[in-house]
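Just below is one structure, and these are the notes that go with it.
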Amino acid sequence: MTAEVVNTNELHKLDPVFGQLSFDNHEQIVFCNDKDTGLKAIIGIHNTVLGPALGGTRMWNYANEWEALNDVLRLSRGMSFKSAITGLNLGGGKAVIIGDSKTQKTPELMRSFGEFVHSLSGKYITAEDVGMETADMDIVRDVTPYVTGISEERGGSGNPSPITAYGVFMGMKAAAKYKFGSDVLEDKKVIVQGIGHVGETLVEYLSNEGAKVIISDINEARLEEVSKKYGATIYRGSDLYSEDVDIYAPCALGATLNDDTVNKIKAKVIAGAANNQLANEVIHGQALKERGIVYAPDFLINAGGIINVYAELENYGKAEIMRKTENIYNTTLEILANADTNEITTYQAALNIAQGRIDTRKKENMNK
Ligand code: NAD
């Protein structure tokens, strides 16, 4: 191929892994293929300085392999910072399985995936993410000990989502305190996008506090169910970003804060569970800052789930899980103040602290 015919926008496709835009010096990327069960998975190990790379497995019907690779690279990197900022001795990793979790997930496929996880000898520890259930982790547990989020009957910590929702609620309250001067969410208009495992519990917390909750999802049956259960209003418009609300809670998939949305968002606070909400951390983080929108960094406030599964490794109980998760409130307030003082985005402030912890440990390890 001559230089003239290379489209520079396509260069990352010539170097499909190390050249990916989302590649951030990841330590190891493992491609898992098992023809018999139809398993096609990618495990991303971003950083193991603080400990083994722990992060959930997502099963998603990706449009193509590029999308899956990009997702696992972004997600595993996010996990490094999530554990670092939460003070856990864990590195960052994540796995994606390509396929429809409703129609293509079988016990054989999950077992095969578990065997690949096992082959990494504990460098990567898995858990559930979108498209996965506690029961799936129980199947993985049959073939490897390197899995968390297994059922309580099998000695695990069970479904992490309610704890994640509690942490998001704490982070949201802290961001509200920063923006509105009070963390009481009564009468605040909050739109929750995605009312799955985490979103539903968040709706419950918000409703209990008297917030005016609006819900959005692509699953009509869920909308009806959650609306009935908590008295939430179903969003029927076509552009929820332009909706006049106080708080926007992204709890579906990532990258909803992007070129098309950041300039029309009317919410004054953004706080949700979804990973990688900023399509571009620098550009979109800055756009929100300039518009005076308080963005509670996703990897900071959605750490409840990892705190919960970490308990399985460290043997601490529910009370400590709740204490650590509640502390997300204080950390969020600190990060928001830090961003203001240093005139940087809230995302950057969180990233600096997380990266600082990893760098310090790396130096300590080198001096041992
Ligand atoms: P889930 O699969 O249970 O729920 C996601 C919901 O979003 C589903 O109801 C789905 O129909 C809906 N959805 C998908 N696309 C949508 C769209 N375009 N508009 C509106 N709704 C849409 O997942 P979950 O476990 O609740 O996780 C939600 C998010 O939080 C994910 O990004 C996940 O990575 C992140 N997260 C989850 C945890 C956890 O403990 N489960 C922890 C940290 C981060």
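In what follows, residues are counted from 1 in the order of the sequence shown. When a ligand or atom number is given, it counts from 1 through the structure's own listing order. Reckoned from all heavy atoms, side chains included, excluding hydrogens, waters and symmetry mates.
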Below 3.5 Å only, please: the N or O atoms of ligand 1 paired with protein N or O atoms, distance on each line.
from, atom 1, to, atom 2, distance (Å)
ligand 1, 3 (O), His197, N, 2.9
ligand 1, 3 (O), His197, ND1, 2.6
ligand 1, 9 (O), Asp217, OD1, 3.4
ligand 1, 9 (O), Asp217, OD2, 2.7
ligand 1, 11 (O), Asp217, OD1, 2.6
ligand 1, 26 (O), His197, N, 3.1
ligand 1, 26 (O), Val198, N, 2.8
ligand 1, 30 (O), Ala273, O, 3.3
ligand 1, 32 (O), Ala252, O, 2.6
ligand 1, 34 (O), Arg58, NH2, 2.8
ligand 1, 34 (O), Asp129, OD1, 3.0
ligand 1, 34 (O), Asn275, ND2, 2.8
ligand 1, 40 (O), Thr164, OG1, 2.7
ligand 1, 41 (N), Ser161, OG, 3.1

Any ring pair (Phe, Tyr, Trp, His ring centres under 6.0 Å) involving residues 257-293? Give me the pairs, sequence neighbours left out, ordered by first then second residue. none
ring-ring contact (aromatic ring centres under 6.0 Å, His included) involving His26 - partner list, sequence neighbours excluded: Phe23, His46
May I have all residue pairs that pass side-chain hydrogen bond (donor to acceptor under 3.5 Å, both in side chains) and include part of residues 202-219, sequence neighbours excluded? Lys173-Glu209
Using a strict 4.0 Å threshold on nitrogen-to-oxygen distance, state whether Lys35 and Glu108 make a salt bridge. no
Is a donor on one side and an acceptor on the other found under 3.5 Å between the side chain of Asn338 and the backbone of Glu334? no
Measuring only between side-chain heavy atoms, which start at C-beta, is Asn352 closer than 4.5 Å to Gln348? yes
